[in-house]
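The next block holds one structure in the form of structure tokens; read it before the comments.
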Amino acid sequence: MVAPASLHFFRWTEQLKGGGHEIYWFDITDGGAKVDRISWVHQIVGWRLKWNYPGRYFIKNTFPKVYHFIQKWNEHDLAEVFEQKLLEIQPNVVHSFALYLSCAPILQEMKKHKSIHWVYSSWGSDLFYFQNNSACLKDIKMVLPHINSLFTDCSRDYEIAKKYGFSGEFLGVFPGGGGFPLEEMATYFLPFEQRKTILIKGFQGRSGRAIPVLKAVEKMEESLKEYEIVVFWC
């Protein structure tokens with residue numbers, strides 16, 4: 001598994017627990033710490049820094065330009081570390097989550113090891129939004145012809161993938177976050193007529209338009225007086 005540390009990735013991976021697979025996770029952005037939630041997975045973390053020197057966070061927050069200069073010399077090369085792990089583990093499958101984060105940085109290494117089956121999961125605006133960025137579109141066109149199998153969040157993104165060079169096996173449309181444990185949640189379900197809370201969760205910016213939703217709720221003020229409205233702002 002090649003992915004950043006994210007709730008979506010953890011939920012997806014939890015589907016494989018107990019399936020008899022030996023799972024390794026290469027933390028592509030390297031948060032530096034292992035994750036208890038997927039403790040049964042072999043976790044490759046803490047690979048980026050050559051030396052975690054005293055005062056690093058202070059320099060990072062106070063003198064960002066100095067920190068950036070130091071990091072040029074203090075970071076291992078991502079591609080080199082990944083290939084080292086690839087040769088060490090000898091996996092049957094590499095599964096990348098999000099193209100610009102987890103496919104493009106390892107493309108050259110995967111091209112050298114074509115016998116390894118490469119799966120790509122497209123997340124959210126991964127293809128739909130970034131096809132409009134010339135640099136990202138270049139990565140999309142370079143990566144997709146080398147992908148063997150593909151998951152997408154929606155049928156739209158499968159069509160986009162084919163447009164830019166994907167010709168492998170389409171594994172279907174599945175929630176990128178792995179879904180939800182419905183049996184555990186069932187105890188919290190209420191009959192429709194008893195539901196008096198409205199939860200709103202959203203983004204405002206590149207990946208969302210939450211403010212128009214709130215404006216719509218405001219216009220429905222009279223109709224929603226009986227409800228408690230809770231907003232999760234991300």
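What you are looking at is a predicted structure, and each value in this text was computed from that prediction instead of being measured.
Residues Leu150 and Leu171 fail the side-chain proximity criterion, which asks for heavy atoms closer than 4.5 Å. The shortest side-chain heavy-atom distance between Leu199 and Phe232 falls under the 4.5 Å cut-off. Annotation: side chain of Tyr24 is not in contact with side chain of Leu86 (no heavy-atom distance under 4.5 Å). Under the 4.5 Å side-chain criterion, counting only non-hydrogen atoms from C-beta, Leu107 is in contact with Lys111. Contact of the Ser122 side chain with the Leu99 side chain is not registered, since no non-hydrogen atoms from C-beta on lie closer than 4.5 Å. Within the 4.5 Å cutoff, no side-chain heavy atoms of Ile198 are placed close to those of Val230. The shortest side-chain heavy-atom distance between Ile23 and His42 does not fall under the 4.5 Å cut-off. Using a 4.5 Å heavy-atom cutoff, the side chains of Tyr164 and Leu137 are in contact.
Atom NE2 of His113 is surrounded by more than 12 heavy atoms from other residues, nucleotides or ligands within 6.0 Å. With a 6.0 Å radius and a threshold of 12 heavy atoms from other residues, nucleotides or ligands, Lys196 has its NZ atom above the threshold.
Partners of Trp12 according to the side chain to side chain donor-acceptor pair (under 3.5 Å) rule, which considers only residues two or more places apart in sequence or in another chain, do not exist here. Partners of Glu221 under the side-chain contact (heavy atoms from CB on, under 4.5 Å) rule, at least two apart in sequence or in another chain, do not exist in this structure. Qualifying side chain to side chain donor-acceptor pair (under 3.5 Å) partners for His117, counting only residues two or more places apart in sequence or in other chains: Ser149. Remark: Gln194 pairs with no residue by the side chain to side chain donor-acceptor pair (under 3.5 Å) rule, at least two apart or across chains. For the side-chain contact (heavy atoms from CB on, under 4.5 Å) test, no residue two or more places apart in sequence or in another chain qualifies with Ser223.
Applying the salt bridge (charged side-chain N to carboxylate O under 4.0 Å, His left out) test to pairs two or more places apart or on separate chains, none has a residue in residues 121-144. A salt bridge (charged side-chain N to carboxylate O under 4.0 Å, His left out) check over residues 79-108, counting only residues at least two apart or in different chains, returns the pairs Glu83-Lys112, Lys85-Glu88. For residues 161-175, the pairs satisfying salt bridge (charged side-chain N to carboxylate O under 4.0 Å, His left out) are Glu159-Lys162, with sequence neighbours left out. For the salt bridge (charged side-chain N to carboxylate O under 4.0 Å, His left out) condition, the pairs that include at least one residue of residues 17-38, sequence neighbours left out, are Glu14-Arg37. For residues 91-100, the side-chain hydrogen bond (donor to acceptor under 3.5 Å, both in side chains) pairs, not counting sequence neighbours, are His95-Ser121, Ser96-Trp118. Sorted pairs that involve residues 170-193 and meet side-chain hydrogen bond (donor to acceptor under 3.5 Å, both in side chains), not counting sequence neighbours, are lacking altogether.
A side-chain donor-acceptor contact under 3.5 Å links Arg195 to the backbone of Leu190. Side-chain atoms of Gln43 come within 3.5 Å of backbone N or O of Ile38 as a donor-acceptor pair. For the pair Gln204 (side chain) and Ile211 (backbone), a donor-acceptor distance under 3.5 Å is present. Ser6 places a side-chain N or O within donor-acceptor distance of the main-chain N or O of Phe9, the cut-off being under 3.5 Å.
One distance of note links CE of Met1 with OG1 of Thr13; it measures 4.0 Å at 0.5 Å rounding. One finds the CD1 atom of Ile160 at 11.0 Å from the OG atom of Ser155 (value rounded to the nearest 0.5 Å). Taking CH2 from Trp123 and CG from Asp153, the interatomic distance works out to 9.5 Å, rounded to the nearest 0.5 Å. Of the inter-residue distances, the one linking Ile106 atom CD1 with His146 atom NE2 reads 12.5 Å to the nearest 0.5 angstrom.
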Note to self: For Leu224 and Val217: C-alpha separation, side-chain torsions, deciding distance, then whether side-chain contact (heavy atoms from CB on, under 4.5 Å) applies.
What the structure shows: CA-CA 8 Å; Leu224 300 176; Val217 169; 3.8 Å; yes
Next item on the list: List the steps and the verdict of side-chain contact (heavy atoms from CB on, under 4.5 Å) for Phe97 and Ile28.
Entry: CA-CA 10 Å; Phe97 295 78; Ile28 194 76; over 6 Å; no
Margin query: The test is side-chain contact (heavy atoms from CB on, under 4.5 Å); show your working for Phe151 and Tyr158 and say whether it passes.
Written below: CA-CA 8 Å; Phe151 288 106; Tyr158 174 45; over 6 Å; no
Notebook entry, point to check: Yes or no on side-chain contact (heavy atoms from CB on, under 4.5 Å) for Tyr227 and Thr197, after CA distance, side-chain angles and deciding distance?
Noted result: CA-CA 5 Å; Tyr227 295 89; Thr197 304; over 6 Å; no
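Between Ile147 and Phe166, the shortest heavy-atom distance links the atoms O-CE1, 3.5 Å. The minimum heavy-atom distance between Leu127 and Asp157, with the atom names listed, is CD1-O, 3.6 Å. In terms of heavy-atom proximity, Ala79 sits nearest to Pro105 at CB-O, 4.2 Å. When every heavy atom of Leu101 is checked against every heavy atom of Pro4, the shortest pair comes out as CD1-CG, 3.9 Å.
Ring pair Phe82/Phe26 is perpendicular by interplanar angle, where above 60° counts as perpendicular and below 30° as parallel.
Hydrophobic side-chain contacts under 4.5 Å tie Leu7 to no other Ile, Leu, Val, Met, Phe, Trp or Tyr residue.
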